[in-house]
There are 2 protein chains.
Amino acid sequence: MVQDAYSAKPMPVTIAEVARKAGVSKSTISRYLNGLYDHMGADTRERISQVIAELDYRPNALARSLKQKRTYTVGAIVANILNPFSTSIIRGIEDTLKAAGFNLILCNADDDPAKERDYITMLADKQIDGLIINTTGCNNDLIAQVNRNTPVVLIDRKVPEIQVDTVTVDSAKGVRQAIDHMVSLGHRRIAMFTLPYDHVSPRLERVQAYQAAVAEHGLDFREEWLVQTDIEEVSITAKLQHILALGDKAGKPTGIFCANNLITMSVVKVLKKLGLAVPADVAVLGFDDWEWAELIEPPVTVVAQPVYEMGNKAATLLIKRLTAGRPPKKPATIMFEPELIRRKSCGE
Amino acid sequence: MVQDAYSAKPMPVTIAEVARKAGVSKSTISRYLNGLYDHMGADTRERISQVIAELDYRPNALARSLKQKRTYTVGAIVANILNPFSTSIIRGIEDTLKAAGFNLILCNADDDPAKERDYITMLADKQIDGLIINTTGCNNDLIAQVNRNTPVVLIDRKVPEIQVDTVTVDSAKGVRQAIDHMVSLGHRRIAMFTLPYDHVSPRLERVQAYQAAVAEHGLDFREEWLVQTDIEEVSITAKLQHILALGDKAGKPTGIFCANNLITMSVVKVLKKLGLAVPADVAVLGFDDWEWAELIEPPVTVVAQPVYEMGNKAATLLIKRLTAGRPPKKPATIMFEPELIRRKSCGE
DNA sequence: CTGAAAGCGCTAACAA
DNA sequence: TTGTTAGCGCTTTCAG
C-alpha cells in the first residue's frame with residue numbers, strides 16, 4: 001500500500017526494517033534491544049548498533065507492552081492539581097518512580113468523581129502496572145476491581161473497604177496539636193471550617209478529632225462553629241459573617257481552625273476583604289503547610305504534613321509490589337507524623 | 001498453560017472470550033465496541049451487551065492502538081509542576097482535550113533538560129498522537145524530530161528553529177505596562193530580577209523589553225540592576241543586598257521588576273526576612289499572576305497572563321491538527337495579551 | 001550464537 | 001448482517 005501524500009504520520013521504522021538492513025533476524029534485534037548480548041557476536045552487535053543509530057530507530061512501546069504484558073508505567077490520580085498539596089505529592093511520587101525505572105502517567109480528577117472514574121478506566125485500559133490514587137472516595141467499587149489485576153496504593157485518604165497499601169498522615173494528632181496550640185494561646189472558642197466530609201477519611205477524622213479536643217479541653221462549643229463549606233468566596237464570606245456576628249458572650253469564636261490549605265487560603269482572603277485583622281480580631285490555624293504560607297500577612301500557623309515524603313512512600317510501596325518476590329504481603333497503612341509550625345496567625 | 005498460583009496479574013478477559021460466550025466472531029464484537037451496530041441484529045447486539053457486562057470486559061487499549069496506529073492520547077510536558085503557572089495551563093489543556101475525547105498524559109520536566117528529554121522519548125515511544133510542551137529550550141533537535149511524526153504545540157516558549165504552532169503571551173507589551181506603571185508612580189531607578197535567560201524566549205524578550213523601556217523613558221540604568229539569579233533564598237538575598245546597598249544617589253533602585261512569579265515570590269519572601277517594607281523601602285512588580293498574589297502583604301501588583309486560556313488554545317490548535325482535513329496549514333504563533341493588575345506593592 | 005514461527009488483543013478488508 | 005483472514009510491531013520458545 002502506498003503512503004498517502006498528506007498523511008500526518010510518516011511510516012515509522014520498525015524492527016523488521018532494522019533487521020533487514022542489518023542482515024539479521026528480528027529476534028536478534030530484539031535480543032539486542034533487551035540487552036541480551038552476552039553471547040552475541042561482537043560484529044553483529046556493532047552492526048545492529050549502527051543501523052539503529054542510522055535509522056533513528058525506537059521500539060514501539062505499545063507492541064512491546066502488548067507482548068510482554070507489562071508497561072512499566074504507573075498511573076497517579078490526584079484530587080486537585082491546583083492544590084500545592086497535590087503537586088508536592090506528585091513530585092514525591094515522580095522522583096521515586098523515576099529512580100526505579102518506571103514511567104508515570106499523571107491525572108487530575110479535579111475532585112470530581114466522574115472525572116476520576118474516567119481516568120481510572122483510561123489508565124486500566126492502557127494496562128498500567130500500578131495505580132496511586134488520592135481518591136474522591138466515590139469510586140471504591142472500581143478501585144477495588146482494578147486492584148484485582150493491578151496493585152493500588154491509596155494516598156492521603158483511606159478506604160477501609162479496599163485491602164490496599166495506604167499512606168496517610170496522623171490527622172488526629174495534627175488536630176490535637178492545632179487545638180492545643182490555640183488553647184495555650186488563650187483561645188477557648190474555636191470554630192472549625194472544613195470541606196464536606198462525607199466519603200473523605202481525613203476530613204472526617206479531623207472533625208472528630210476537633211470535637212474530641214474541644215471536649216477534653218472543656219472548651220465552649222456551638223454547633224454553628226463547625227462549618228462545612230466549599231471554598232468559594234461567597235460561601236466562605238457568608239459563613240464567616242455568620243459566626244462572627246454571633247455576639248461576644250460565648251457566641252463569637254476567637255479562633256478558626258481550617259481543615260485544609262484550600263480552606264485556609266479562602267478564609268484568610270475573605271477575612272482580609274472583610275477588613276478583619278488576624279489574629280487581633282480572629283486567629284487562624286490551618287491544616288497543611290505550603291511554600292508561601294509564610295508570605296501571607298500575618299504568616300499563618302499550620303500543622304504541616306510531610307507531603308513529598310508521603311509521595312515517595314506511596315511510590316516505594318507500589319514498586320515493592322511490582323517487583324516483589326511472591327507471595328504478596330498483607331496491605332499496610334503507613335501513617336506519617338504531622339508537625340506544628342508556629343507563625344503569627346494565632347497571636348502570642 | 002496453567003495460571004501461576006502467585007502471579008500478580010490474573011488473566012484478563014479478551015475479545016475472543018467475549019466472542020465465544022456470545023457465540024459470534026471477534027469481528028462482530030469489535031464492531032459492537034466501535035459503535036458500528038447500525039446493521040447489527042438487535043438480538044446479537046443485546047447478547048453481546050450482556051456478555052460484556054457479565055464478564056466485565058474492557059478492551060485492551062494497547063492492542064487497539066497498535067492496530068489503529070492512534071492512541072487518542074496527547075502528552076503534555078510542563079516546566080515545573082510546583083509553579084502555579086504550570087498547573088493553570090494544565091487545567092486549560094485538560095479541559096479542552098477531554099471535551100474533544102482525547103486522553104492526557106502529564107509530565108513534569110522540572111526545568112531539567114535531561115528529564116525533559118526522557119519524557120519526550122517516553123511519550124513518543126508510547127505513540128502519543130500529539131505533544132504540548134513548555135520546553136526548557138535544550139531539546140530542540142528531539143522536538144523537531146518528534147514533530148516529523150506527531151503534531152507538536154509549543155506553549156509559553158518559542159523555538160524559531162522548529163516550525164510548529166506556538167502559544168505565547170506578548171511579553172514586550174507586558175513589560176511595557178509594568179515599567180510604565182512604575183514610572184507613573186514616580187520610580188526612575190528600576191531593577192529587574194530574572195532567571196537565566198539563555199534558551200528561554202520569554203525571559204530574553206522580557207529583558208530586552210525592560211532595556212527598551214528603560215531607554216525610552218530615559219530612566220537611570222546600571223548594569224548591576226539587571227540581575228540574573230536562581231530562586232534560592234541565599235542567591236536572592238545576596239543579590240538583593242548588593243543592589244540595595246548601592247547608596248542612595250542614583251545607585252539604589254527604588255523598584256524591582258520580577259520577570260516571573262517564582263522570582264516574585266522569592267524576592268518578596270527575602271525582602272520580608274530582611275525587614276524591608278514594600279513599597280516604602282522598595283517597590284515590587286511581578287510578571288505573571290497567581291491565585292493568592294493578593295494575600296501577600298502588601299498585595300503584589302502584577303502583569304497577568306491568561307494562563308488557563310493559553311492552555312485551552314494550545315490544546316485547540318493541537319486538536320485541529322489531529323482531526324484536520326488535509327493538507328495541514330502553516331504553523332501559527334498565537335500571542336495573548338497580558339494585563340496589568342494594580343495592587344499595592346508599587347506604592348500609591 | 002542466531003533464526004523461524006507463533007502469538008499478544010485487537011481491527012479491517014474482503015467475502016459471504 | 002456476520003465471519004474469515006491477515007496483520008499491527010514486538011517478544012519468546014524452540015530449533016539448529
Side-chain angles (χ1 to χ4, degrees), chain A residues 1-4 7 9-48 51-52 55-72 124-127 129 149, chain B residues 1 3 7 9-48 51-52 55-72 124-127 129 149:
Chain A
M1 217 213 301
V2 173
Q3 180 69 16
D4 186 320
S7 176
K9 301 206 176 197
M11 219 55 182
V13 20
T14 73
I15 203 175
E17 240 173 290
V18 178
R20 204 172 37 71
K21 277 234 182 184
V24 295
S25 75
K26 292 193 296 174
S27 333
T28 304
I29 306 294
S30 177
R31 288 193 193 98
Y32 176 89
L33 293 173
N34 293 287
L36 276 49
Y37 20 56
D38 321 351
H39 309 286
M40 202 151 88
D43 48 333
T44 350
R45 180 152 82 212
E46 184 50 36
R47 203 146 17 94
I48 293 177
V51 175
I52 287 181
L55 297 184
D56 247 332
Y57 169 72
R58 295 245 80 212
N60 181 323
L62 256 34
R64 178 202 291 255
S65 293
L66 178 60
K67 180 68 190 179
Q68 290 193 152
K69 293 172 179 302
R70 293 208 75 178
T71 53
Y72 296 96
D125 289 354
K126 281 191 182 301
Q127 314 296 120
D129 290 344
N149 313 306
Chain B
M1 218 219 295
Q3 180 70 17
S7 177
K9 303 205 175 198
M11 219 55 181
V13 18
T14 73
I15 202 176
E17 239 173 291
V18 178
R20 203 172 38 69
K21 276 233 182 185
V24 295
S25 76
K26 292 193 296 173
S27 336
T28 305
I29 306 294
S30 177
R31 287 192 194 97
Y32 175 90
L33 293 174
N34 293 286
L36 275 48
Y37 21 56
D38 322 351
H39 309 288
M40 203 152 86
D43 45 336
T44 350
R45 179 152 82 213
E46 183 51 36
R47 202 145 18 91
I48 294 177
V51 174
I52 287 181
L55 296 185
D56 247 332
Y57 168 73
R58 295 245 80 212
N60 181 325
L62 255 34
R64 178 202 291 253
S65 293
L66 178 60
K67 178 69 192 177
Q68 291 192 150
K69 294 171 179 301
R70 292 209 75 179
T71 52
Y72 296 97
D125 290 353
K126 281 191 182 299
Q127 313 296 118
D129 291 343
N149 313 305

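Atom set for the values below is all heavy atoms of this structure, side chains included, hydrogens, waters and symmetry mates excluded. Protein chains get the first letters and strands the later ones, always in sequence-line order, with residue 1 at the start of each.
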Chemist: From A:Asp43 CG over to A:Ile48 CD1, what is the distance, rounded to the nearest 0.5 angstrom?
Modeler: 9.5 Å
Chemist: Measure from CG on A:Leu66 to C1' on C:dT11 and round the result to the nearest Å.
Modeler: 13 Å
Chemist: Mind calculating the distance between CG (B:Asn60) and P (C:dC8) to the nearest angstrom?
Modeler: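 Answer to the nearest Å: 12 Å.
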Chemist: Which letters describe nucleotides 11-16 of chain D, given B = protein heavy atom under 4.0 Å from base, S = only from sugar-phosphate, - = neither?
Modeler: BBB---
Chemist: Nearest whole angstrom, please: distance from the P of D:dT1 to the CD1 of B:Ile48.
Modeler: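 Computing the B:Ile48:CD1 to D:dT1:P distance gives 13 Å.
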Chemist: Could you measure the distance from the CG atom of A:Asp129 to the OG atom of A:Ser65? Nearest 0.5 Å is fine.
Modeler: 7.5 Å
Chemist: Write down the distance between CD (B:Glu46) and C1' (D:dT1), rounded to a whole number of angstrom.
Modeler: 17 Å
Chemist: Distance check: side-chain N/O of A:Ser65 vs OP1/OP2 of D:dC10, anything under 4.0 Å?
Modeler: no
Chemist: Please report the distance, rounded to the nearest Å, between CD1 in B:Ile52 and P in C:dG9.
Modeler: 16 Å
Chemist: Looking at D:dG3, I'd like to know if its phosphate oxygens (OP1 or OP2) sit under 4.0 Å from a side-chain N or O belonging to B:Ser25.
Modeler: yes
Chemist: Roughly, in whole Å, what's the span from CZ in A:Arg58 to P in D:dC10?
Modeler: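 Taking atom P of D:dC10 as the reference, CZ of A:Arg58 is at 11 Å.
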Chemist: Looking at every heavy atom in both A:Lys126 and B:Leu62, which two are closest together, and how far apart are they?
Modeler: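 Result for this residue pair: O-CD1, 3.6 Å.
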Chemist: Just the rounded figure in Å: distance from C1' of C:dG3 to CZ of A:Arg20.
Modeler: 17 Å
Chemist: Taking ring-ring contact (aromatic ring centres under 6.0 Å, His included) as the test, write out the residues that go with A:Tyr57, two or more places apart.
Modeler: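 Result, ring-ring contact (aromatic ring centres under 6.0 Å, His included) vs A:Tyr57: none returned.
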Chemist: What is the minimum heavy-atom distance between A:Val13 and A:Leu55, and which atoms define it?
Modeler: CG1-O, 3.6 Å
Chemist: For the pair made of CE in A:Met40 and C1' in C:dC1, what is the distance, rounded to whole Å?
Modeler: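 Taking atom C1' of C:dC1 as the reference, CE of A:Met40 is at 10 Å.
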Chemist: For the atom pair CZ (A:Arg64) and CG (A:Asn34), what is the distance rounded to the nearest 0.5 Å?
Modeler: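 Rounded to the nearest 0.5 Å, the CZ-CG separation comes out at 5.0 Å.
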